[in-house]
Amino acid sequence: MRNLPIVLLVLVLASALVAPAVISDFNLRLATLALHTSIAVIGLCIAFGWTGLLHLGQAAFVGIGAYASAILTTRAGLGFWTTMPIALLASGLVALCIAVPMLRLRGHYLALAVLGFNVTFEIVARNWTKLTGGFDGITDIPPVFFFGWLIEGDKGFYYLSLFFVVIVALFGTALRHSRYGRAMIAIRDDELAAGTSSVDVTRIKVLAFVLASVLAGLSGSLYAHHATFIAPQDFEFGRSVTILVMLILGGESSVAGAIIGSVILTFLPELLRFLGDYYQAVFGVLILLILIVMPNGLVGQVQSWRARWAKGRSNG
Amino acid sequence: MLQVEGLSVSYGPVTALDGVSLAVSKGECVALLGSNGAGKTTLLRTISGLVKARLGSVSLDGKAIDGMSPENRVRKGLCHVPERRRIFPGLTVLENLEVATAPWRRFGASIATDLDRVFELFPRLRERRPQYGWSLSGGEQQMLAIGRALMSRPSVLLLDEPSLGLAPLLAEEVYARLSEISAMGVTMLLVEQNTAMALSVASRGYVLEHGHVVLAGASTDLITNPRVREAYLGA
Amino acid sequence: MSAQVLQLAINALAAGCIYAVVALSVEIAYESTGVVNFAAGQLVTAGALIGLSAVAYTKFNFLPAYLLVIVGMSMIGIVFLICVYLPLRRQSVLTIVIGTVGVGIFIQNVMLLTWGPLPKSVRSPMGSGAIKFGDVSVSLHVLYVIGVTALLIIGMYLLLYRSSLGRQFRATAQDPEAATLMGIRVKQLYALNWILVCVLSGIAGLLFAPMWLVDVTSGDNIGLKAFAAIMIGGFGSVPGAILGGIIVGAIEIFGAFYVSSAFKDALVFALMFLFLLVRPQGIFGERAADRA
Amino acid sequence: MAESSPDAILQVRGLTHRFGGLLAVSDVNLDIVRGTLLALIGPNGAGKSTTVNLLTGVITPTSGRILLEGQDIVGCSSSAAARAGMVRTFQNGRLFKRLTVLENVLTGADGRAKTSLFDAITRNSRFRAEEDAFRHSAMELLTELKLDGDADRQVGELPYGKQRTLEIARALILQPRVLLLDEPAAGLNSGEVEELISYVSLLRSRGLSILLIEHNMGLVMRLADRVAVLNFGEKIADGTPAEVRSNERVLEAYLGRKASHAAG
């Protein structure tokens, strides 16, 4: 029983590896989307799930990464492996610039400030036509070469995304089990006590916000090359809400939950296709139900069931 | 008048009260003594309905009020003046007093006599009528908290540390007013760390330790009982 | 002042009035529950669209139609209280805030299903007439917006500061537990709160609808501007919300004319960021660090 | 003013704090002699908690100086004060609920960490060595406090008494120069209080300087080398436990005027 998590992990990875062979092209496309979205969700897990920053603008940072990649590849002719690091850097730098003044703010101030940033980003993306292509967005973003091997079609991109998700998940897990992860969770649990336990609260908050944005940038860069077309509405405030809901659904302080949440919420419109136009309304109700029924998300729910089960066994 | 039987309260794993029983008869003033963390405040909060008891029962005038909401307990004449006064800082003194008439005031019912009664007890409040709650000094805030409670026309008054943070002279003045209120026939249960003051108004007292009643008796007996001193100053 | 500037100023005031009413609704919810209502924009749209249907239903009898809107919005407020606020009340404020986002999505899509995606034009009870003052032409609806807003603000003032109910409402907002101990029925006041919030947003919807075309997303932008208005005016201050709304209206109208109509909204948010940097408490507000 | 007695590890001079118009702490002087325990007592609302907040950088004083080993730490952030060696526990147990018992203690150790973010996410040998060292000292502390069996449990599963003990462990791993214990006995049963007393005595015998904030004088009388008494934000007495216990002003503050006459 002790090795159960490891067994599960191997099973999940194995099925993720063989999935492209068995699922339809359409589902493969969704799975790829779910994978690179989950990178942004893991980023939000660091900022919101652990550190407690109510971050309602993750989509804007995905957008910065996507536009940076798209503009540099289409205009300057650079390849993905050059633009991707630049995209990360761009999102991270923008985050750093706004983090220091914004993180003096708490709770709803931060939420509204980041929301305002998201809306401003949309306005700029729509109207700075020369740079961003305005409403029409940027088309014909080139595919990715991997050591001269063209990663084309969904199958190749699926494995590329999976590779990055595994790297990011490992990064997230390592971070969680280091002093940085501890400090972040300490800040969310009790900021005052974290300070008196020698945690440098401001520095860790800035770090969490910047890391979240760097991961969003990676997610955006992958998105741009996968979709080969980006437009401002891909990064609007509503998208930030979706990313947040993915995290809450999966379990707000768990890397695995972030991935699970983004997979479920990416496939949900398909699963609920019979609802037709009602899907979005149901989506709103779904948010409320998750908040009311299982505020700790799927992972949190499973953990509490396991704890109860273990308790029942030790008592019985 | 007020009867508490076998009351037990826990906050998660911590037991705050463990089988506390006490009774206050009509018109009586009873003091509740004990050190920090003994469970005095929890007891008052349970009586006024803010905290749900795990076991035991509270009854008022012989009728159990256990399921009743705090708002409805006020309507039955049970009013709790909470620790640290908790006046409404953004309401004026007059508004603080008027707002407490919500339980009984219907259209047109006059509050003038009730206001007069409070202003007679606390003339300072009359002067301060238009001032905001936050601008009052600690002593004035305490007077306002007591005055506000009187506006709800209580038959039983629960008071939590009315002398907290007050200079000795002010605390004595507050206590002088409390004995006047007691003389008007209002039943009182008084939590206080200032033993001498509490016992100067109260006729009887209970000593609480770790959620248990460890001692009960007349004020005159308690004041000389070494156990009371121990509870505060240690052996 | 040239006629043109005066003309712009009047339009700015009208737009500002609408933002001020929405900001007032957000501010009331925030002061009494600590919750920032992210569904404000969708509630504005709901007011406009319910108004549209109600006016058609009553065959352009505006008074009963508007009463229908107020009843409808009150019902939304009560449903919100029972289905969202009360079940989530014990959790952190952040959770409730995310809950309001869910409510917004729900309302928006129910409206999409009911009214469809196409923009609609809405008539004003004042008709489409205008008055000319020299070179300045002011539509009757704009004057109506300013008048109704003034009445609303006076009405809210009387309700909150001159009535027994308002006293209880403010007491509950400041200290719900102490209010309970004074025999105030706190749940009823929470109901009043959410009814006020929804009705105010709904009235803002009725006011803005005849000025622009209405579709299911038109309130979103108004909600966002109302947030900016509160940040500028200062969280925790009713006069701040009203002043902030008018400032936002002015920046938008003058900015569109003198700077760029594409970036007029960006100007609003730029000012908001400037305030966050230099004076995070806004013009009148609480200190930003005080409330978590 | 005895400016620099060589064996005073903490010297507080003229500490004053105003909330609005209210003087919460007024011109307070305190001295802790290295390796001794000073108890700070006083009735509810006397300003004890404010004093702790001032000493640990949670709030900044209106005026006054706080000299830790001769160095003024006024204006330091709470984390800087903690790293300087001014470490506290909280009156009502503020642990990190979503971390395990061991992780709670480790948070305190992290202030001494030298490794970078890069080391942490690559989990290289430098990082692992540091982490192992921290874990080792954390486990040592937990063993000493009989919490080693609970190291991997969530904090919420611990009984209250153990939670209070855990807070002391989290403070101790910071290697404090002065340990501030804010009402450590609140809510403990009498057996737990005895254990607390013997552990605090042990810490002092190892040379740790302690400031104990306590409401319950029983505990104070058994532990303190010196006692300072606050009332209305002012220090009204300072001396040995016996001196303070018979001090007229102290009795008055605690029991009220009449009782102190009756008792005296």
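In what follows, chains are A, B, ... by sequence order, proteins preceding strands, each numbered from 1.
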Flag the pair A/Glu122 and A/Arg239 as a salt bridge only when some basic side-chain nitrogen lies within less than 4.0 angstrom of an acidic carboxylate oxygen. no
Carboxylate-amine/guanidinium contact A/Glu270 A/Arg273, below 4.0 Å: yes
C/Lys264 and C/Ile253: side-chain contact (heavy atoms from CB on, under 4.5 Å), yes or no, with the steps? CA-CA 8 Å; C/Lys264 64 179 164 61; C/Ile253 300 288; over 6 Å; no
Chain C contact via A/Ile98 - which portion, at a heavy-atom distance below 4.5 Å: neither
Side chain from CB out, backbone as N, CA, C, O: work out which of these in A/Leu288 comes under 4.5 Å of a heavy atom of chain C, or both, or neither. side chain
Is A/Val245 close to chain C through its backbone or its side chain, or both, or neither, when contacts mean heavy atoms under 4.5 Å? neither
A/Ser91 vs A/Ser213, test: side-chain hydrogen bond (donor to acceptor under 3.5 Å, both in side chains). Steps then yes/no. CA-CA 6 Å; A/Ser91 304; A/Ser213 306; over 6 Å; no
Where does C/Leu276 contact chain A at under 4.5 Å (heavy atoms): side chain, backbone, both or neither? both
Between A/Phe48 and chain C, with a heavy-atom cut-off of 4.5 Å, which part of the residue counts as in contact: side chain, backbone, both or neither? side chain
Is C/Ala266 in contact with chain A via its backbone, its side chain, both, or neither, using a 4.5 Å heavy-atom distance? both
Return the NE2 to CD1 distance between A/His55 and A/Ile243, rounded to the nearest 0.5 Å. 9.0 Å
Tell me yes or no: between the side chains of C/Ser218 and C/Thr45, is some donor less than 3.5 Å from an acceptor? no
Heavy atoms, side chains only, cut-off 4.5 Å: are C/Thr33 and C/Trp194 in contact? yes
What do you reckon, are the aromatic ring centroids of C/Phe208 and C/Tyr19 less than 6.0 Å apart? no
Which portion of C/Gln91 sits near chain A, non-hydrogen atoms under 4.5 angstrom: side chain
Can you tell which of A/Ile123, A/Val282, A/Thr120 has the highest number of heavy-atom pairs within less than 4.5 Å of chain C? A/Ile123
Pick one of side chain, backbone, both or neither for A/Leu244, based on which atoms fall under 4.5 Å of a heavy atom in chain C. side chain
Interface moiety of A/Ile290 toward chain C, non-hydrogen atoms closer than 4.5 Å: neither
Under 4.5 Å from any heavy atom of chain A, what part of C/Leu224 do you find: side chain, backbone, both or neither? side chain
Report yes if the distance between the aromatic ring centroids of C/Phe227 and C/Phe38 is under 6.0 Å, otherwise no. yes
Among C/Gln108, C/Met111, C/Met231, C/Met272, which has the most heavy-atom pairs under 4.5 Å with chain A? C/Met231
Region of C/Ile107 in contact with chain A, defined by heavy-atom distances below 4.5 Å: neither
